[in-house]
Amino acid sequence: MFLLGVAAAALAFSSAPAGTTTTSAGALAPRTVCHGQVATAAPQAVQLRAMRCLINWARRHGGRSALRANADLERSAGLRAGDIVRCQSFSHTPCGQAFIAVFQLVGYFVGTASVGENLAWGQGRFGSARTAMAGWLASPEHRQILFGADWRDLGVARVRATSFLGRPNVTVWVAQFGHRIALTPLP
């Protein structure tokens with residue numbers, strides 16, 4: 001049995017990400033683009049690069065700007081993915097943590113910020129970057145996060161688990177989106 005699960009959440013401090021009516025039609029990159037998008041046995045770096053490529057390809061083809069990799073969001077996405085597997089909780093609040101905990105822990109909130117997050121898990125070949133992205137594109141809530149007009153930053157993580165929620169050979173994906181606006185000192 002092969003399964004795929006997806007979840008989305010967003011939290012804004014001051015400004016919320018703008019929604020979109022972009023549909024999934026044409027938003028999934030062709031298999032010839034984004035090297036490694038279906039290669040679940042490829043090295044971690046190849047699969048993470050493929051996920052970033054898939055996200056930015058979809059955004060560009062949906063009329064949105066590409067996102068830049070952000071070290072803070074990369075770390076927070078990794079923490080979230082690790083917690084999901086460790087606590088066996090497919091949730092934006094695994095282990096009972098507040099949604100914003102990982103963003104605060106890595107220092108992403110400096111000034112005003114908004115953040116969003118998409119999660120996916122898949123068993124076996126359904127753990128590929130392409131399958132996770134297809135799941136997100138098939139969901140209005142996930143598309144709203146993916147195509148948020150305010151996002152500038154991106155962090156992605158992928159964690160493999162020999163067992164997750166009672167199923168073997170599972171891959172968990174976390175994509176985090178953000179926009180920071182530094183506070184301007186008063187004169």
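- Between the side chains of R167 and Q123, not a single donor N or O lies within less than 3.5 Å of an accepting N or O.
- Atom-to-atom distance recorded for S65:OG and R152:CZ is 5.5 Å, nearest 0.5 angstrom.
- Under the 4.5 Å side-chain heavy-atom criterion for ILVMFWY residues, no single connected hydrophobic cluster contains both V38 and M51.
- Taken from CG in L48 to CD in E74, the straight-line distance is 7.0 Å, to the nearest 0.5 Å.
- Neither side chain, R125 nor T40, offers a donor N or O lying under 3.5 Å from an acceptor on the other.
- Cluster membership for L79 and I100, using ILVMFWY side-chain heavy atoms within less than 4.5 angstrom, is shared.
- A distance of 9.0 Å separates SG in C95 from CD1 in I84, rounded to the nearest 0.5 Å.
- Residues Q97 and V102 form a side-chain contact, since some pair of their non-hydrogen atoms from C-beta on lies under 4.5 Å apart.
- For the 3.5 Å distance criterion, the side chains of R158 and Q44 qualify, holding a donor opposite an acceptor.
- In this structure, the side chain of W173 does not engage the main chain of T131 through any donor-acceptor pair within 3.5 Å.
- Using modelled atom types and a 3.5 Å distance limit, the side chains of N70 and Y108 yield no donor-acceptor pair.
- Under the 4.5 Å side-chain heavy-atom criterion for Ile, Leu, Val, Met, Phe, Trp and Tyr, L73 and L105 are members of the same hydrophobic cluster.
- Closest heavy-atom contact between V115 and W151: C-CH2, 3.3 Å.
- Ring geometry, F90 versus F164: the interplanar angle exceeds 60°, so the pair is classed perpendicular (tilted spans 30 to 60°).
- The nearest pair of heavy atoms linking A27 to A58 is O-CB, 3.2 Å.
- Cation-pi geometry between R59 and F147 is not satisfied (NZ or CZ under 6.0 Å from the ring centre, within 45° of the ring normal).
- Linking Ile, Leu, Val, Met, Phe, Trp and Tyr whenever their side-chain heavy atoms come within less than 4.5 Å leaves L137 and W57 in two separate clusters.
- Residue L119 holds its CG atom at 7.5 Å from OG of S91, rounded to the nearest 0.5 Å.
- Scanning both residues, A157 and A81, for their nearest heavy atoms gives CB-CB, 4.2 Å.
- A distance of 12.0 Å separates CG in L28 from CH2 in W136, rounded to the nearest 0.5 Å.
- Of the possible polar contacts, none joining the E117 side chain to the F177 backbone as a donor-acceptor pair under 3.5 Å is found.
- Between atom NE2 of residue H179 and atom CD1 of residue I181 there is a gap of 4.5 Å, rounded to the nearest 0.5 Å.
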Hey, mind stepping through V156 and I55 against side chain to side chain contact (heavy atoms under 4.5 Å, CB included) and telling me if it holds? CA-CA 10 Å; V156 296; I55 289 168; 4.0 Å; yes
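- Pairing each heavy atom of D153 with each of R68, the nearest pair is OD1-NE, 3.0 Å.
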Test salt bridge (charged side-chain N to carboxylate O under 4.0 Å, His left out) on R80 and D83 and set out the steps. CA-CA 5 Å; R80 177 78 79 219; D83 289 342; 5.7 Å; no
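- Of the possible donor and acceptor atoms, none in the side chain of Q37 sits under 3.5 Å from a partner among the backbone N and O of R130.
- Nearest heavy-atom pair across L154 and R52 is CD2-CG, 4.0 Å.
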Does the pair L146 and M133 meet the rule for a side chain to side chain contact (heavy atoms under 4.5 Å, CB included), with working shown? CA-CA 10 Å; L146 281 167; M133 186 66 177; 4.0 Å; yes
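- Proximity of a side-chain donor or acceptor of Q47 to a complementary backbone N or O of A42 within less than 3.5 Å is detected.
- In terms of heavy-atom proximity, V46 sits nearest to G36 at CG1-CA, 3.9 Å.
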